[in-house]
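These notes concern the structure reproduced below.
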Amino acid sequence: MSVYLIVGLGNYPEQYHKSRHNVGFMVIDKLCKALSIELTNEKFNGKFIKVQVEQNQFIIAKPYTYMNLSGDFVSQIAQYYQIEPHNILIISDDADNNVGTIRIRNNGSSGGQNGIKDIINKLNTTDFPRIKIGIGRPTNKKINLADYVLGTFTNTEKPIINRTIDKATEALIDFMNGMSISELMNRYNIVR
């Protein structure tokens, strides 16, 4: 039996729930709804649930640390359940791609995303897969990126991001049913 960890990144406090930075949480929420499950276990400063799919176990989780400390949660839960980095799939926002973009990767740099950066530092490797959801960058040069990612999606962006979250959720379900990261990349990578 293999154990996998699926983690959506975000900021836990209520005021951030609908922010662009929390798109990883939004995907996990959609996945839980699709599977009719709830994150009922609390440990390592996060919430998670274990799900059995055939011979594999999947831990679906959200850290309750702030984004910049996501690596604390991921490294602790991975160590406790003895999960290798290549079996850890992280879902995060990606400011370098337009709203509606999905980029699935086997590994790579943080791309400036602070949650991914902290996970790389705490796991001491870049060798873990990720699903990056495009949130774009501010078009108004007076708005800095830190404020932008903590803002909410516009009315124009909402239907696009909702479809993107649906697609990312489908990708996770396929992953749980045995599809490889390479196959997910071929099927679900969307560039807008």
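All figures in this text were calculated on a predicted structure; none of them were measured in a lab.
- Nearest approach of Ala146 to Val149, heavy atoms of both residues: O-CG2, 3.4 Å.
- For the residue pair Tyr148 / Asn140, no side-chain donor-acceptor distance below 3.5 Å is found, with atom types taken as modelled.
- Looking at heavy atoms from C-beta onward, Ile59 lies out of side-chain contact with Ile6 at the 4.5 angstrom threshold.
- Transitive grouping of hydrophobic side chains (ILVMFWY, heavy atoms separated by less than 4.5 Å) brings Val27 and Met179 into a common cluster.
- Under the 4.5 Å side-chain contact rule for hydrophobic residues, Ile60 and Val3 do not share a cluster.
- Of the inter-residue distances, the one linking Ile83 atom CD1 with Ser2 atom OG reads 10.5 Å to the nearest 0.5 angstrom.
- Hydrophobic clustering (ILVMFWY, side-chain heavy atoms < 4.5 Å, transitive): Ile49 and Phe73 are in distinct clusters.
- With no hydrogens or angles considered, a side-chain donor-acceptor pair links Asp93 and His21 at under 3.5 Å.
- Taking both residues in full, the closest heavy atoms of Ser19 and Leu150 are given as CB-O, 3.4 Å, listed atom of the first, atom of the second, then distance.
- Taken to the nearest 0.5 Å, the CG atom of Asp166 stands 9.5 Å off from the CZ atom of Arg163.
- Applying the 6.0 Å contact sphere to CD of Gln15 captures more than 12 heavy atoms from other residues, nucleotides or ligands.
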Between Leu184 and Asn189, is a side-chain contact (heavy atoms from CB on, under 4.5 Å) present by the stated rule, with each step listed? CA-CA 7 Å; Leu184 293 178; Asn189 275 355; over 6 Å; no
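- More than 12 non-hydrogen atoms from other residues, nucleotides or ligands lie less than 6.0 angstrom from CG of Asn144.
- Considering all non-hydrogen atoms of both residues, Ala95 and Leu145 come closest at CB-CD1, 3.9 Å.
- Contact check for His86 versus Thr125: no side-chain heavy atoms found under the 4.5 Å cut-off.
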Step by step, work out the ring-ring contact (aromatic ring centres under 6.0 Å, His included) result for Tyr80 and Phe44. CA-CA 10 Å; Tyr80 186 83; Phe44 316 112; 5.4 Å; yes
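- Closest approach of Asp118 to Gly71, counting heavy atoms only: OD2-N, 2.8 Å.
- Note on ring orientation: taking the six-membered ring where Trp is involved, the planes of Phe48 and Tyr81 are perpendicular (angle over 60°, cut-offs 30° and 60°).
- Under a cut-off of 6.0 angstrom, the local environment of CD in Glu54 is sparse, with at most 12 non-hydrogen atoms contributed by other residues, nucleotides or ligands.
- Residue pairs meeting the salt bridge (Lys or Arg N to Asp or Glu O under 4.0 Å) criterion with at least one member in residues 60-84, sequence neighbours excluded: Asp29-Lys62, Asp72-Lys122.
- Of all heavy-atom pairs between Gly134 and Ile161, the closest is O-CD1, 3.9 Å.
- Taking 4.0 Å as the cut-off between side-chain N and carboxylate O, Glu157 and Arg20 count as a salt-bridged pair.
- Note that the CD atom of Gln57 and the CG atom of Leu5 stand 11.0 Å from one another [nearest 0.5 Å].
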Let me see the working for Arg130 and Ile104 under side-chain contact (heavy atoms from CB on, under 4.5 Å), right down to the final yes or no. CA-CA 6 Å; Arg130 63 227 41 193; Ile104 301 172; over 6 Å; no
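- Inter-residue side-chain proximity for Glu170 and Tyr188 is flagged as met; some heavy-atom pair is nearer than 4.5 Å.
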Show, in sequence, the C-alpha distance, side-chain angles and deciding distance for Ile102 and Lys132, and conclude whether the side-chain contact (heavy atoms from CB on, under 4.5 Å) test is met. CA-CA 6 Å; Ile102 297 177; Lys132 298 160 64 168; over 6 Å; no
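- In this structure the side chain of Ile88 never reaches within 4.5 angstrom of the side chain of Tyr4, judged on heavy atoms.
- Between Asn114 and Lys117 there is a side-chain heavy-atom pair separated by less than 4.5 Å.
- To the nearest 0.5 Å, atom OG of residue Ser110 and atom CD1 of residue Ile119 are 10.5 Å apart.
- Remark: the Gln113 side chain and the Asp94 side chain contain no N/O donor-acceptor pair separated by less than 3.5 Å.
- Nearest approach of Pro85 to Pro129, heavy atoms of both residues: O-CD, 3.9 Å.
- Residue Ile160 holds its CD1 atom at 12.0 Å from CD1 of Ile165, rounded to the nearest 0.5 Å.
- Checked against a 6.0 Å centroid threshold, the rings of Phe25 and Tyr12 do not count as neighbours.
- Asn22 places no side-chain N or O within 3.5 Å of a backbone atom of Gly10 that could act as its donor or acceptor partner.
- Within 6.0 Å of the CD atom in Gln79, the count of heavy atoms belonging to other residues, nucleotides or ligands does not exceed 12.
- A distance of 7.0 Å separates OG1 of Thr164 from CD1 of Ile133, quoted to the nearest 0.5 Å.
- In the hydrophobic clustering of ILVMFWY residues, with side-chain heavy atoms under 4.5 Å counting as a link, Phe175 and Ile131 come out together.
- The closest donor-acceptor contact from the side chain of Asn177 to the backbone of Ile173 lies under 3.5 Å.
- Using a cutoff of 4.0 Å between basic side-chain nitrogens and carboxylate oxygens, Asp96 and Arg137 are scored as salt-bridged.
- Cluster membership for Leu89 and Ile28, using ILVMFWY side-chain heavy atoms within less than 4.5 angstrom, is shared.
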Apply side-chain contact (heavy atoms from CB on, under 4.5 Å) to residues Ile116 and Phe128 and explain how you reach the verdict. CA-CA 10 Å; Ile116 298 289; Phe128 56 88; 4.2 Å; yes
